[in-house]
Amino acid sequence: MSQLIGVPRETFAGEKRVATVPEVVEKLVKLGFRVMVEAGAGDAANFADDTYVAAGAQIAPDAAALWSTADIVFKARPPSADEVALMREGTTLVSFIWPAQNPDLMQKLAARKVTVLAIDALPRMLSRAQKMDALTSMAGISGYRAVIEAANAFGRFFNGQITAAGKVPPAKVFIAGAGVAGLAAIGTAANLGAIVRANDTRAEVADQVKSLGGEFVKVDYEEEGSGGGGYAKVMSEGFQKAQREMYAKQAAEADIIITTALIPGKPAPKLITADMVQSMKPGSVIVDMAGEQGGNCELTVPGEAVVRHGVTIVGYTDLVSRLAKQSSTLYATNLFRLAEELCKTKDGVINVNMEDDAIRGLTVIKDGTVTWPAPPITLPAPPPKPAAAMPAAKSGGHGHGGGGEPMSAGALAGVFGVGAALFLLVGLYAPAAFLGHFTVFVLACFVGYMVVWNVTPSLHTPLMSVTNAISSIIAIGALVQIAPPATGTSRPDEIIRWVAIVGIALTTINMFGGFAVTRRMLAMFRK
């Protein structure tokens, strides 16, 4: 018989998400599962009970009825002590757990002899795990919402404006940490017109920051900060000192600071000191996205927005819940992708395969036995770089080498000698009229080559540059054909004249069309 997936109402204070949505319920049913949703579980995210029923779900009257019946439970927040007490032996729980931060919860869950899949423990370095990566989904929403909260608390426009009443300078935004949340914040702030600067201990994200319209601010200290799994590592004291100096400078200049720095299993690093806050301009804003882990700012009050030294410090811990419908939909999709991996037979029965690297990484408790942390994953070695081709030995007596070596002086002289001999034969035996046309043809080939292949693609793509150059040469040739004849020369044939006119028309369309397409392409990248 197919298994029953239960979705309870979230009991954590301020949590508005729900672990599945009606459109995902339909997909779970097609996988063979039965779905039960606690009454009112989706109300805070604007998903009414009747929409779940229409999608094929049952409605449980209360939490006790759901927990006692469900074979699999989908949740967003880690279960409370009361919810753990309702779990029956053999249940599979899929939720955020944070096992490093919640050892007591892990022991309580193990005592209930259940299987727990912590969505936060997903091995993110596996490419096929990206579709299940709820951390990335939620971080992107948090970064976007952090900018919205900053804009709400900030007393000015983000973009600069010149009005009849005066000039408004653009806001200066500094973002500490350029992970998924930080990059989402960079893109959002840049799109609103702010001047955005960002920093991260991982040097490889600099190009990503620039691609989103931000400026990467580098710490004047060389040290690699990548800790694996998409996170940063704890940096040395020397790096941290240089970083604090850079943050102090940015704090004095910035109107808005958004901090995103988190290290798995550890309290949030303190990046913004009280002195830095005091150095900021009155009316400035700090949005501390690490509030739930203690905050990146010394003056952050988790869950609240406070004003210190004239600076508003936002320490909300429910940023994803402030976009509950969107975050619920993305989280539900992540869990559905996980259900597909657990139920490849599509018969509504999951198989927690501990031989699968992704599933093994997620599984923190298996049938009451704590299996966290998972053993490190051995990634396949990158393919070896192809060996550089050995230069071919020079051929004796021929004057040139193989394998693309430049032509020797002797070979070059030989080529020119052959060409001169051919021209001499043409000059001796060809008619005088042919010789004139042939000379023009050779010169045209040379000039055409130099014109076409030396076009600088500064206005549009290289392909369009070359095609427009070729079109220009065609247009010039056609104009020569329809130009008034010189004194003493015959007029061109009418057929030639009309062919030239058609050629001019077509090349004109090509050239102006190329610029029109380029204009539309460039418009895609303008704000």
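Position 1 is the first residue of the sequence; numbering continues from there. Everything numeric here is computed off the predicted structure, so don't read it as measured data.
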Would you say [X]'s side chain and [Y]'s backbone share a donor-acceptor pair under 3.5 angstrom?
{"X": "Asp318", "Y": "Ser321", "result": "no"}
{"X": "Thr260", "Y": "Gly177", "result": "yes"}
{"X": "Arg17", "Y": "Ala45", "result": "no"}
{"X": "Asn199", "Y": "Lys218", "result": "no"}

Does Lys325 make a cation-pi contact with Phe47, if we ask for NZ or CZ under 6.0 Å from the ring centre and within 45° of the axis? yes

Between Ser284 and Asp255, do the side chains contain an N or O donor and an N or O acceptor separated by less than 3.5 Å? no

For Thr273 and Glu298, test the side chains for any donor-to-acceptor distance below 3.5 angstrom and give the result as yes or no. no

Does the pair [X]/[Y] count as a salt bridge with the N-to-O cut at 4.0 Å?
{"X": "Arg88", "Y": "Asp71", "result": "yes"}
{"X": "Glu10", "Y": "Lys75", "result": "yes"}
{"X": "Glu340", "Y": "Lys27", "result": "no"}
{"X": "Glu149", "Y": "Arg145", "result": "yes"}

Hey, which of Val314, Ile257, Leu299 is the one that makes side chain to side chain contact (heavy atoms under 4.5 Å, CB included) with Ile286? Ile257

Quick check on side chain to side chain contact (heavy atoms under 4.5 Å, CB included): which of Ile365, Thr363, Ile350, Val364 does Leu117 satisfy it with? Thr363

For atom [atom1] of [X], is the number of surrounding heavy atoms from other residues, nucleotides or ligands below 6.0 Å larger than 12?
{"X": "Lys108", "atom1": "NZ", "answer": "no"}
{"X": "Tyr144", "atom1": "OH", "answer": "no"}
{"X": "Phe239", "atom1": "CZ", "answer": "yes"}

Would you say the ring centroid of Tyr331 lies under 6.0 angstrom from that of Phe96? yes

